[in-house]
Amino acid sequence: MTTVKLPDGSLKEFDSAVSVKDVAKSIGSRLAKDALWGEIDLQPVELDYEIPQGEPVNLKIITKKDPNALATMRHSCAHVMARAVMRIKPGVQLAFGPTIENGFYYDVECDEPLTEEDFPAIEKEMAKIIALDEPFERLDRPRADAIQVCKDLKQDFKVEHIETGLADDDSLSFYQQGEFLDLCRGPHIPSPRRIGAFKLLSIAGAYWKGDQSREQLQRLYATAFFTQAELDAHLELLEEAKKRDHRVLGKRLGLFHIDEMVGQGLVLWTPKGSFVRQKLQDFISEHLQRQGYDQVFTPHIGKLDLYKTSGHFPYYQDSQYTPLVDREYLSQLAEEGCTCGELSNLMNEGEIEGYLLKPMNCPHHIRLFASEQRSYRDLPIRLSEFGTVYRWEQSGEIGGLTRVRGFTQDDAHLFVTQEQLGQELIGCIELVKIIFDAMGMEDYSVRVGLRDPDSSKYVGDPQNWDLAEQACREAAQTLGKDFSEDPGEAAFYGPKIDFVVKDCIGRKWQLGTVQVDYNLPERFGLEYIGSDNKPHRPIMIHRAPFGSMERFIGVLIEHFAGSFPLWLAPEQARILTVSDKSEEYGKRVESQMRDAGIRVKGDYRSEKLGAKIRDGQLEMIPYMMIVGPRDAENGTVSIRDRIDGDLGAIPVEEAIAKFQSEVAEKTVRRTSS
RNA sequence: GCUGCUGUAGCUCAGUGGUAGAGCGCGUCCUUGGUAAGGACGAGGUCAUGGGUUCAAAUCCCAUCAGCAGCUCCA
């Protein structure tokens with residue numbers, strides 16, 4: 001008699017010995033077909049495993065749909081990969097080898113570094129190991145034994161990990177497969193034959209335990225799927241994603257240029273890219289005006305005193321451009337025989353006179369606020385500026401438009417009373433929502449950064465913090481979207497709400513941000529006169545709904561895969577003549593459209609129509625208007641839509657009206673998600 | 001900043017020790033073609049920069065700069 005208890009609590013009884021597969025069959029033929037392996041009392045077993053008779057056993061049949069099935073298989077594949085590397089390279093030290101979103105990695109340290117040229121050999125060895133079909137066997141060892149096992153294996157990272165990271169565990173598990181033994185929590189698949197298809201993807205550096213001061217390891221990235229077809233589909237998806245990379249599209253569509261001679265991370269906007277940027281600025285400016293913001297302009301530099309007061313200099317010196325040392329101060333230092341080393345020390349200590357390229361706009365706005373006496377009747381004061389700031393980002397972090405050294409924030413600083421804080425935060429969130437909605441961006445996440453209760457780095461009154469954190473939560477709730485609350489993610493000066501999106505290869509970027517600040521009003525001694533005729537300290541809100549124009553446009557290019565909606569497209573429509581004979585008519589239509597405010601160009605080359613269409617498609621022109629003798633005769637254009645193709649001939653006026661309404665509606669029509 | 005890879009024509013790339021190639025683009029000419037590439041000819045490169053090895057370097061070595069991936073960082 002065999003009795004199994006299924007995850008739903010139901011019991012199934014069998015008169016004779018049965019395998020896992022038999023149980024699956026008894027439940028349904030579909031399940032039997034989809035079953036990958038079983039789990040008896042949480043231990044993975046093969047499908048042909050004969051279930052022990054007698055006492056009831058807990059059985060779970062694992063299928064592809066099981067959320068952990070793929071991850072479990074991939075983790076087992078990571079073991080196989082590590083084993084293969086150890087067979088090929090001597091003296092391999094193993095670190096961590098977890099599963100990640102679309103695959104897995106294993107951190108290793110080798111005497112001679114691995115390169116991508118080693119991949120074929122590793123993959124071949126992995127295939128051999130899988131063909132051996134040795135099971136993954138779990139071994140539990142008491143703490144002291146476990147340390148000894150790792151010492152015997154000469155796996156120093158594992159020893160350290162047990163001694164520090166797993167200091168509270170009395171018993172530790174290992175998994176053994178053939179000669180390969182590894183400290184591992186599990187679970188694993190019952191045998192490697194469940195690894196359908198795998199591929200090594202890349203190799204990169206990573207620090208042991210993520211600590212820059214520790215050993216640098218080599219991280220082998222790979223992925224695995226249950227079938228070759230799934231792996232192929234995944235790889236194709238990666239290729240497709242690369243095609244919408246904003247760096248590739250930015251070059252192909254001529255949106256921006258980053259020039260070696262100008263400097264790393266410094267963006268040159270081409271006319272087309274500048275157009276998109278300007279349109280976005282105009283768009284948000286209109287909403288700022290509606291919300292009662294005042295726009296201001298401030299310079300790109302400020303005296304060091306300003307940043308000493310704000311606290312930004314010298315504390316963030318590593319991420320700032322070197323100061324512009326005051327001319328007279330510099331000659332004075334020279335007269336005193338100051339050496340380079342001494343100058344450097346003076347900079348480190350912040351004891352230097354000169355100017356700084358502004359790393360943020362707040363100090364300038366603060367001085368504008370402080371330039372007049374303010375009454376509670378004036379508040380809230382909302383100063384906004386498309387302010388360009390410069391930060392010395394680490395060279396290895398810079399790339400494309402998403403991480404640059406000079407960027408323009410759609411910045412604003414709100415000076416508010418405690419009572420106004422909640423409502424103003426909601427207003428800020430509203431702006432972010434307006435932007436995401438207008439772009440049809442739904443795939444973003446919201447993070448409320450709260451203070452870490454165990455840390456003392458935060459400035460300001462804890463009661464105010466509580467109020468501000470609650471105000472942030474309430475503001476976030478107005479989005480009607482899930483948000484995460486992240487303790488420890490607040491800035492030292494106040495809580496914040498961040499908006500995060502992913503780029504084409506899955507990297508996360510913060511776009512919009514709304515931050516409460518109790519610190520700067522304090523440091524600058526800001527005041528307003530209250531209704532009680534006494535001075536009070538305002539609270540500041542920093543907010544940037546786009547984040548920065550650079551990063552936002554970078555993400556936006558990928559979001560639209562280069563196909564901007566009509567209202568944002570630098571070139572909205574293009575006239576394509578069928579032959580030279582229609583050039584005159586084409587030019588007439590062109591000027592008619594231009595007069596109607598359409599951004600139109602004409603392609604009058606003596607190319608065949610097919611070639612002109614192809615070029616227009618590749619340049620992602622929203623509408624192509626084909627004009628030939630037939631159109632000239634009827635006063636029409638034959639419209640071709642970037643997405644839907646040929647729409648047939650319509651009168652020129654009708655085409656103009658169509659475009660104008662699409663622009664007015666800010667319609668978003670995307671070719672793919 | 002760290003590790004690894006990469007840097008050849010405007011763009012994408014081939015070229016592994018014997019003084020440079022393709023496709024696209026660009027120019028000129030021919031072609032006058034109705035919904036994703038018509039044809040011919042031509043111009044265009046101190047092979048990222050600076051050193052070194054060698055009779056000889058795009059090719060091998062070192063440094064610098066830049067790009068890519070990851071790590072670390074991001075007021």
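Heavy-atom basis, side chains included; hydrogens, waters and symmetry copies ignored. Just so it is clear: chains get the letters A, B, ... in the order the sequence lines come, proteins before strands, and each one is counted from 1. Keep in mind that what you see is a predicted model, and the values were worked out from it rather than measured.
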Between [atom2] of [N] and [atom1] of [X], the distance in whole Å:
X: A:L266; N: B:C65; atom1: CG; atom2: P; result: 16 Å
X: A:L217; N: B:C71; atom1: CG; atom2: P; result: 13 Å
X: A:E215; N: B:U3; atom1: CD; atom2: P; result: 14 Å
X: A:I203; N: B:A69; atom1: CD1; atom2: C1'; result: 11 Å
X: A:E260; N: B:G7; atom1: CD; atom2: C1'; result: 9 Å
X: A:N361; N: B:A75; atom1: CG; atom2: P; result: 15 Å

What is the base-pairing partner of [N], counting Watson-Crick and G-U wobble geometry with both distances under 3.5 Å?
N: B:G33; value: none
N: B:A69; value: B:U3
N: B:C55; value: B:G18
N: B:G23; value: B:C11
N: B:C47; value: none

With heavy atoms under 4.0 Å as the rule, sort [X] into base, sugar-phosphate or nothing.
X: A:G628; answer: base
X: A:L114; answer: nothing
X: A:P359; answer: base
X: A:G645; answer: nothing
X: A:A491; answer: nothing
X: A:Y315; answer: nothing
X: A:Y493; answer: sugar-phosphate
X: A:Q264; answer: sugar-phosphate
X: A:S310; answer: nothing
X: A:R247; answer: sugar-phosphate
X: A:I398; answer: sugar-phosphate
X: A:Q320; answer: base

Using the [atom1] atoms only, state how far [M] lies from [N], rounded to an integer number of Å.
N: B:C55; M: B:C41; atom1: C1'; value: 41 Å
N: B:G18; M: B:C74; atom1: P; value: 50 Å
N: B:C13; M: B:C71; atom1: P; value: 24 Å
N: B:C61; M: B:C26; atom1: C1'; value: 39 Å
N: B:G21; M: B:G44; atom1: C1'; value: 13 Å
N: B:U12; M: B:U3; atom1: C1'; value: 28 Å
N: B:A43; M: B:G51; atom1: C1'; value: 34 Å
N: B:C24; M: B:A37; atom1: P; value: 14 Å

Taking 4.0 angstrom as the limit, do [X] and [Y] come out as a salt bridge?
X: A:K587; Y: A:E584; answer: no
X: A:K209; Y: A:D211; answer: no
X: A:D615; Y: A:R574; answer: no
X: A:E619; Y: A:K601; answer: no

Distance-only donor-acceptor test (3.5 Å): side chain [X], base [N]:
X: A:D631; N: B:G34; value: yes
X: A:S319; N: B:A75; value: yes
X: A:S638; N: B:G34; value: yes
X: A:S606; N: B:U32; value: no
X: A:Y207; N: B:G70; value: no
X: A:R214; N: B:C71; value: no

Most 5' of A:D580 and A:K251 on RNA chain B, judged by nearest nucleotide: A:K251
Return the 5'-most residue of the pair A:Y316, A:G210 with respect to RNA chain B, ranking by each residue's nearest nucleotide. A:G210
Under 3.5 Å, is there a donor-acceptor pair between the side chain of A:E607 and the main chain of A:K612? no
Short side-chain N/O contact from [X] to OP1 or OP2 of [N], under 4.0 Å:
X: A:Q510; N: B:C74; value: no
X: A:Q218; N: B:U3; value: no
X: A:R507; N: B:A69; value: yes

Just jot down the ring pair (Phe, Tyr, Trp, His ring centres under 6.0 Å) partners of A:F546, sequence neighbours excluded, or say none. A:F552
What orientation do A:W465 and A:Y518 show, parallel under 30°, tilted 30 to 60°, or perpendicular over 60°? tilted
I want to verify a distance call: between B:G38, B:G1, B:G70, whose nearest atom is closest to the A:R219 side chain? B:G70
Ring center gap for A:F96 and A:H161 short of 6.0 angstrom: yes
Does A:R219 count as lying over the ring of A:Y105, i.e. NZ or CZ under 6.0 Å from the six-ring centre, within 45 degrees of the axis? yes
